[in-house]
Each structure stands twice: as structure tokens, then as C-alpha cells.
Amino acid sequence: MAYLIAELRQRLGAMDLVANEQFDFPITQSKLADALGLSVVHVNRVLQAFRAQGILDLKRHVVTLGDLEKIVQLGGFDSLDDNASAK
């Protein structure tokens, strides 16, 4: 889940669709669980943990990132910029 959030942040940022570390995320927890092959209960618990730790918040289909570096670290995300410079 952290990887997906980091990937979306990277791609939406490249299209100038991220403002103040916020971006639209019009998907329900149920759909997110289906997409990731997780239970809805697990998705809810992970999102609650992220919120409690100040990593991110998801309200009214908007993600607010409180700690982008932590999301990147948790998800094992390598930015597209890093991959491009390695070539």
C-alpha cells in the first residue's frame, strides 16, 4: 500500500496534480483492498496506523502526506527519477 501511494504521488506530481502534499484518491477502501489483494479490515488498519503515526491521512477521497520519506521507505519505492538516472 505504501508503494502504491508513493508511486501515485510521484506520477501525479509529474503532472502537477499534487498541492501541499495532497492529491485526489477517488477509491474506496474496499476497491483498494481488491486491487492489492488484501482484506478491507487490513487496509483499514494500515490506514489507521499511517494516520496515527502522522504518515498520511485519507479523507473524502484526498490523500494528505505527512511524511513522504516514510511512505517511500515503507514501500521500498525507488523514484522514477532515480531509475532514469541509473540508465
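The basis for the numbers below is simple: all heavy atoms, side chains too, and nothing from hydrogens, waters or symmetry mates. Bear in mind that the values here come from a model prediction, so they are computed numbers and not experimental data.
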Review point. Is any side-chain heavy atom of Gln22 closer than 4.5 Å to a side-chain heavy atom of Leu65?
Key: no
Check your understanding: Are any non-hydrogen side-chain atoms of Asp24 and Leu17 less than 4.5 angstrom apart?
Key -> no
Check your understanding: Just how far is it from atom CD of Gln29 to atom CG of Leu32, taken to the nearest 0.5 Å?
Key -> 7.5 Å
Review point. Do the side chains of Leu36 and Phe77 join up, straight or via other hydrophobic residues, at under 4.5 Å, putting them in one cluster?
Key: yes
Check your understanding: Is it true that Val62 and Met15 fall in one hydrophobic cluster, defined by side-chain heavy atoms closer than 4.5 Å?
Key -> no
Study note, to complete from the structure: When every non-hydrogen atom of Gly75 is compared with those of Ala2, the smallest separation belongs to N-CB, 3.6 Å
**Study point:** Contact check, side chains of Arg9 and Leu68, non-hydrogen atoms, under 4.5 Å
**Key:** yes
Quiz: residues 45-55 side-chain donor-acceptor pairs under 3.5 angstrom, not counting sequence neighbours:
from  : atom 1 : to    : atom 2 : distance (Å)
Gln48 : NE2    : Asn44 : OD1    : 2.5
Arg51 : NE     : Asp57 : OD1    : 2.5
Arg51 : NH2    : Asp57 : OD1    : 3.4
Arg51 : NH2    : Leu58 : O      : 3.4

Point to revise | Beyond-backbone contact of Ile27 with His61, side-chain heavy atoms, under 4.5 angstrom | key: no
Point to revise | Non-hydrogen atoms of Val72 and Ala6 that approach each other most closely | key: CG2-CB, 4.2 Å
Exercise for review: Report yes if the side chains of Leu74 and Tyr3 come closer than 4.5 Å at any heavy-atom pair, otherwise no.
Suggested key: no
Check your understanding: What heavy-atom pair brings Gly13 and Val18 nearest, and what distance separates the two atoms?
Key -> N-CG2, 3.5 Å
Practice item. Find out whether Leu56 and Ile71 are in side-chain contact, i.e. whether some heavy atom of one side chain is under 4.5 Å from a heavy atom of the other. Key: yes
Review point. Does the side chain of Leu8 come within less than 4.5 Å of Phe23's, by heavy atoms?
Key: yes
